[in-house]
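Naming convention: chains lettered A, B, ... in sequence-line order (proteins, then strands); numbering from 1 in each chain.
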Amino acid sequence: MAIPYNKRTHRNGELRAENAGQTVRLVGWVASYRDHGGMVFIDLRDREGITQVKFNPETDPQAHALARTLRNEDCIAVEGQVALRGTNINPKLPTGEIEVEGRAVDLLSKSDPTPFEIDDFTKANEDLRLQYRFLDLRRPAIQKVLRLRHDIAKAVRDYFDAQGFLEIETPVLTKSTPEGARDYLVPSRVQPGSFFALPQSPQLFKQLFMIGGCDRYAQIVRCFRDEDLRADRQPEFTQIDVEMAFVQMEDVMEAVEGCVAGMFRVAKGIDVPRPFPRISYSESMDRFGIDRPDMRFGLELRDVTDVVRDCGFQVFSNAVQSGGVVKCLVVKTSEGADRLTRKITDGLTEELKGIGAGGMPVTKVVSGTNGLEFSTGVAKFVQPVCEPLCRQAGAGPGDFLFFGAGKYGDVCKHLHHARTRLIEILELKPSTEWNLLWVVDFPMFEWDDTEKRYFSTHHPFTAPRDEDVDRLSTEPDKVRAKAYDLVLNGTEMAGGSIRIHRRDVQQTVFKLLGISEEEAKIKFQFLMEALRFGAPPHGGIAFGLDRWVMLLAGKESLRDVIAYPKTQRAVCPLTEAPGPVSDDQLRELGIDLRPEVRARLEEKAASAQQTVHRAHDEEQ
RNA sequence: GGGCCCGUAGCUCAAUUGGUUAGAGUACCGGACUGUCGAUCCGGUGGUUGAGGGUUCGAAUCCCUUCGGGCUCGCCA
């Protein structure tokens, strides 16, 4: 008689000693089988955990006979009685104090041998696991992450709901935006030759919500960017998108801190201290060389421009003369300076060259006969300024100094890279587990030397600080934005701003960015129109949900926290998307592939065909 | 687009550095075993060394091309 699998009594992580004696019905997959000739043990797995089921040939010969044939990943239903394990408890399982004595078992669905082993010990490579993601998802470690992601998303929704925010959906088929990342385009059949763009973020829609009187909006929303991937970058990702009307920076930041605190509570069970510390953009750049500092480690940058100005070392004096800076970072003996070898410093220098640095001067401080001296590397060039240099850098005997010289931005970039790598190489211990902070006072604009024009540091709708508005037309470089980034352990986790709500200011900013009135009209006419009708002051923020889950789950790749992620080449190994479409589909859309693209596709199809033929021939 | 690394049984890896018939663990199949729990023991099946070309008496190993994967720079307001 068939077991009613739709009427299970428990999940596989639930049963405890107090359930002993109960008759239960379980369903799930065979995670492991152990056949002793007599007794057969099955580990039954579902989303919630694992329960051991025992089949005894003497008491239940029929069930035992079937149980012997079960293999990994067979889908089964079991009926039996919960029994205490006595001295044979398994401390590794929450259900380890009990087992189910199987009275009956049904095979619901037989499994082929799987392409890799479905357990948390599996060593199968990621590509294979993504190709068979439906099997990978059965692994407890992945289930745990999916659960965490759900819990975090729920905490976020509950929080914003309690704070009076509405979740309102925004279109996925929308309009291509200028600047920013490349858009994913979707052709329109109804309007041949016209394309939708998938949103990089619902930025303008949420601003219009505020102008539309929605007051407070928060949405968990999918966003798309057709750029090259990284471990922490996917072409489609999920944002927690927030916007509030009648607010100043403080109000948004306070609201965000409450949300973040909620995420930490649900994911880690800890209460993070509030308010989060703040650091200005310029201080962060000066001290860490980056606008998203990881302050859990020392190794701060020191400016030594004035000290080395006249030391005679050309690399330094050239940098100073052309208006640049010289900075250094010190590795103290307490931070493992004694473990730095020539091989390590040379390797680091090579890496720095790889990101565009000319090199990286290095030296070491020692106690000499006449006080402090430099002993290696560029020692002889900087020896004359040894004492003041060490004083300025805060270096003492045994410490290493790594220098960067040149344009401020380049020096910051290079020394930040060096700092990050040295932290890894020296395996420095972080001072705390979670370093949450706000970076504020960003400049409104950055000058791009290649294109000879300004770009928005944040985006073109960010408001300038009130006291800087007058400088917009006179000294754009000096204008600071009402923008704020939330940084966690050196990763940007959220970024937002107060928006421009005055039409004239928005026009001025567009002008500064080289967006003509005509262009603005084509691309943002709806925004410019909206700004004519009583737009309230408003602002907001967006967090990368995937990144939050990644950090809170302790994973190193976004692929570990997304159910169906894409590989570095932006393809889905499971579905093999993106794929070609038929000529009919293209014709209907009025699209013709460029000849070189078409040729390449045909070439690829032909070689695939050849492989198939060869395999076929061998079969016969 | 650039740089670096990887590709050998279904899976994870070896192969004495160019030398005989490419091995092991695991999975799978058969057998043994009544307390295991990443079960154990015995036996067996399983290979286009990613693909194509070249060098060589001889290639998994060297060279070229190509495909796929990963990290990274550019890029990602």
Exercise for the section: Establish, for the pair A:Arg71 and A:Tyr33, whether the NZ or CZ atom is under 6.0 angstrom from the six-membered ring centre and no further than 45 degrees off its axis. Expected result: yes
Heavy-atom donor-acceptor pair, A:Arg569 side-chain to B:C67 base, under 3.5 Å: no
> Is A:Arg222 close enough and on-axis enough to A:Phe224, meaning under 6.0 Å and within 45°, for cation-pi?
Replying inline: no
Quick note, A:Asp228 side chain, CB onward, closest among B:A39, B:G1, B:C76 is B:G1
Enumerate all atom pairs, one protein N or O and one N or O from nucleotides 10-12 of chain B, separated by less than 3.5 Å.
| unit_1 | atom_1 | unit_2 | atom_2 | d |
| --- | --- | --- | --- | --- |
| B:G10 | O2' | A:Pro115 | O | 3.0 |
| B:G10 | N2 | A:Glu117 | OE2 | 3.4 |
| B:C11 | O4' | A:Pro115 | O | 3.1 |
| B:U12 | OP1 | A:Asn125 | N | 2.9 |
| B:U12 | OP1 | A:Asn125 | ND2 | 3.1 |

Check your understanding: Would A:Gln52 and A:Arg34 count as having a side-chain donor-acceptor pair, cut-off 3.5 Å?
Key -> yes
Which of B:G35, B:C71, B:A77 is nearest the side chain of A:Arg85? It is B:G35
- Task: Answer with yes or no whether the side chains of A:Asp485 and A:Tyr281 bring together a donor and an acceptor at under 3.5 Å.
- Result: no
Mind checking if A:Lys92 touches a base, just sugar-phosphate, or nothing, with heavy atoms under 4.0 Å? sugar-phosphate
Between A:Thr51 and A:Gly13, the two heavy atoms sitting closest are OG1-N, 4.4 Å
ask   = Can a side chain N or O of A:Gln52 be found less than 4.0 Å away from OP1 or OP2 on B:U36?
value = no
Hey, does the side chain of A:His36 come within less than 4.0 Å of B:G35's phosphate (OP1/OP2), counting only N and O?
yes
In Watson-Crick or G-U wobble terms, with both distances under 3.5 Å, the base opposite B:G58 is none
Determine the Euclidean distance between corresponding C1' atoms of B:G25 and B:G68; express it in Å to zero decimal places.
26 Å
### Query
Is A:Glu99 side chain donor-acceptor paired with the B:G35 base, going by distance under 3.5 Å alone?
yes
Out of B:C71, B:G74, B:G70, minimum distance to the side chain of A:Thr567 belongs to B:G70
Checking B:A27, B:C73, B:G70 against the side chain of A:Asn72 (C-beta onward), the nearest is B:A27
Query - base_contact_polar (B:G74 base, A:Arg230 side chain, donor-acceptor, <3.5 Å) - result: yes
How are the rings of A:Phe461 and A:His459 set to each other: parallel, tilted or perpendicular (split at 30° and 60°)?
-> tilted
**Asked** Any side-chain N or O of A:Arg34 under 4.0 Å from OP1/OP2 of B:A39?
**Response** yes
* Checking all strands, does A:Val53 fall into the base, sugar-phosphate, or nothing category for heavy-atom contacts under 4.0 angstrom? -> nothing
Just checking A:Asp127: base, sugar-phosphate only, or nothing, at a heavy-atom cut-off of under 4.0 Å?
sugar-phosphate
Item to check | Evaluation steps, ring-ring contact (aromatic ring centres under 6.0 Å, His included), between A:Phe41 and A:His36 | outcome: CA-CA 8 Å; A:Phe41 299 96; A:His36 286 256; 5.7 Å; yes
In Watson-Crick or G-U wobble terms, with both distances under 3.5 Å, the base opposite B:U21 is none
Taking B:A77, B:C75, B:G68 as options, the one with an atom nearest any side-chain atom of A:His459 is B:A77
Check your understanding: How is A:Arg139 classified with respect to the nucleic acid when contacts are heavy atoms under 4.0 Å: base, sugar-phosphate, or nothing?
Key -> nothing
Closest of B:A27, B:G38, B:U36 to the A:Pro113 side chain is B:A27
Discussion item. Taking 4.0 Å as the cut-off, does a side-chain nitrogen or oxygen of A:Arg225 come that near to OP1 or OP2 on B:A77?
Written reply: yes
Per atom distances to the A:Arg559 side chain, the nearest of B:G70, B:A77, B:A27 is B:G70
Assigned chi class of B:U17 under the 90° convention is syn
- Query: Yes or no on side chain to side chain contact (heavy atoms under 4.5 Å, CB included) for A:Phe195 and A:Asp183, after CA distance, side-chain angles and deciding distance?
  - Reply: CA-CA 11 Å; A:Phe195 294 79; A:Asp183 291 312; over 6 Å; no
pair_partner(B:C41), Watson-Crick or wobble, both distances < 3.5 Å, evaluates to B:G31
Does a side-chain N or O of A:Tyr33 approach OP1 or OP2 of B:C28 to a distance below 4.0 Å, or not? yes
Taking B:G30, B:A77, B:C75 as options, the one with an atom nearest any side-chain atom of A:Arg71 is B:G30
### CD/A:Gln203: more than 12 non-hydrogen atoms of other groups inside 6.0 Å
yes
